[in-house]
Asker: 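I'd like to ask some things about the structure below.
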Amino acid sequence: MNRLRLALLAVGGAGVAALLVAACRDLPGFGGRSHPYGTRAVHASLIRHTANTIASVNFDQRAYDTLGEMSILFAAVLGCVVLLREAHDEHRARPQPAEVARPVRRYALLVLPVALVTGLYVVAHGQLSPGGGFQGGVVAATALHLLYLGADYRALERVRPLAVFETSDALAVSCYVVLGVAGVLAGTAFLANTLLPYGTFNTLSSGGTVPLLNAAVGMEVASAVVVLLANFLDQAVEIEEEHRS
């Protein structure tokens, strides 16, 4: 049985290696001026009035791949929630407020609103400038946790209703899929950027469906990171094992 598995692995590996060699032989010369994929990606981005070519690639030209990446994050967070849930031999102990150094408290509370606005800005301008839903979502979620550093865990819990973020995580993934299905119902293709006008180039309303898909990803990433960190913090701060005599 092991020999059969090794043989199948060898055959599969040889096939993949042959395909990679064939693909690499057709690549443009290193450092040359010919970049066929880049040229076409920029051209498609400009046609659809998306100033940020990376956003055009992520949410238009290969939006289906981005759905896979978002689904992987969603599944990973769901797996962590299941694995880190409170077990039968554990109980929750309310954490006691910790003393925070005054400079740390001052800095954290000062930076929190700035970081939160920065994260939202990066998401909102994803089709115009570097960044987007993935990057801005992480920044926004991290900003909330500055309250844990500057105050205490109970203060973080008050601004982080976990049920709301769990719902918004699932809702964001659903919105992404619904936008894709809407393209099919409109007679084009799944996640095709044909539903909305492309708008005026280099404005917030430009890019067709790119801003909407980018916002859905930002919402999903921010919610997923909050839920993920909440479960790890619960393990570190609240959940304790039962002590039995």
Side-chain angles (χ1 to χ4, degrees), residues 27-28 33-77 114-144 165 168-228:
L27 288 175
R33 296 183 178 181
S34 176
H35 301 283
Y37 181 82
T39 300
R40 292 169 182 167
V42 172
H43 179 67
S45 175
L46 294 177
I47 287 177
R48 295 180 175 90
H49 296 183
T50 307
N52 183 7
T53 303
I54 304 302
S56 177
V57 172
N58 288 338
F59 304 111
D60 184 2
Q61 301 171 42
R62 66 170 191 87
Y64 191 84
D65 294 345
T66 302
L67 173 61
E69 296 167 3
M70 185 169 61
S71 300
I72 290 173
L73 176 61
F74 181 81
V77 173
V114 177
L116 183 59
V117 171
T118 300
L120 296 177
Y121 178 91
V122 172
V123 174
H125 292 75
Q127 75 276 14
L128 304 179
S129 56
F134 284 100
Q135 298 85 346
V138 172
V139 173
T142 305
L144 291 179
F165 284 97
S168 63
D169 188 8
L171 182 61
V173 177
S174 301
C175 289
Y176 198 102
V177 175
V178 167
L179 286 170
V181 174
V184 176
L185 296 178
T188 55
F190 185 69
L191 290 172
N193 190 358
T194 55
L195 291 174
L196 300 175
Y198 294 140
T200 304
F201 182 76
N202 208 27
T203 62
L204 285 176
S205 60
S206 62
T209 57
V210 170
L212 298 180
L213 295 176
N214 177 64
V217 168
M219 180 179 174
E220 196 276 334
V221 171
S223 301
V225 172
V226 169
V227 173
L228 183 64

Asker: What donor-acceptor contacts under 3.5 angstrom involve side-chain atoms of residues 127-136, with partners at least two apart or in another chain?
Answerer:
unit_1: Q127; atom_1: NE2; unit_2: L204; atom_2: O; d: 2.8
unit_1: S129; atom_1: OG; unit_2: H125; atom_2: O; d: 3.3
unit_1: Q135; atom_1: OE1; unit_2: G132; atom_2: N; d: 3.4

Asker: Is a side-chain donor or acceptor of N214 paired with a backbone partner of V123 at a separation under 3.5 angstrom?
Answerer: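 Yes; judged by distance alone, with no hydrogens or angles, the pair exists.
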
Asker: Donor-acceptor pair, distance only, cut-off 3.5 Å: does the side chain of H49 make one with the backbone of G199?
Answerer: yes

Asker: Work out which heavy atom in G183 is nearest to a heavy atom in T188; give both atom names and the distance.
Answerer: O-OG1, 2.8 Å

Asker: What do you reckon, is OH of Y121 surrounded by more than 12 foreign heavy atoms closer than 6.0 Å?
Answerer: no

Asker: How close do F59 and L213 get, heavy atom to heavy atom, and via which atoms?
Answerer: O-CD1, 3.1 Å

Asker: Could you tell me which residues satisfy side-chain hydrogen bond (donor to acceptor under 3.5 Å, both in side chains) with T118, sequence neighbours excluded, listed by chain and number?
Answerer: none

Asker: Quick test of your reading: applying salt bridge (Lys or Arg N to Asp or Glu O under 4.0 Å), list the pairs with at least one residue in residues 114-134, sequence neighbours left out, ordered by first then second residue.
Answerer: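 Pairs touching residues 114-134 that pass the test: none.
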
Asker: Pair up each side-chain donor or acceptor in residues 35-47 with any protein partner under 3.5 Å, not counting sequence neighbours, and list the distances.
Answerer:
unit_1: H35; atom_1: NE2; unit_2: G32; atom_2: O; d: 2.9
unit_1: T39; atom_1: OG1; unit_2: H35; atom_2: O; d: 2.9
unit_1: S45; atom_1: OG; unit_2: T50; atom_2: O; d: 2.4

Asker: Closer than 3.5 angstrom, by distance alone: can the side chain of D169 be matched with the main-chain N or O of F74 as a donor-acceptor pair?
Answerer: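 No.
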
Asker: Can you name the ring-ring contact (aromatic ring centres under 6.0 Å, His included) partners of F201, sequence neighbours left out?
Answerer: none

Asker: Under 6.0 Å from the OH atom of Y64, do we count more than 12 heavy atoms belonging to anything else shown?
Answerer: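 Check fails, neighbour count at 12 or below.
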
Asker: Closest approach of F165 and S223, non-hydrogen atoms and distance?
Answerer: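 Nearest heavy atoms, F165 then S223: O-CB, 3.4 Å.
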
Asker: Listed by chain and number, what are the side chain to side chain contact (heavy atoms under 4.5 Å, CB included) partners of S71, not counting sequence neighbours?
Answerer: L67

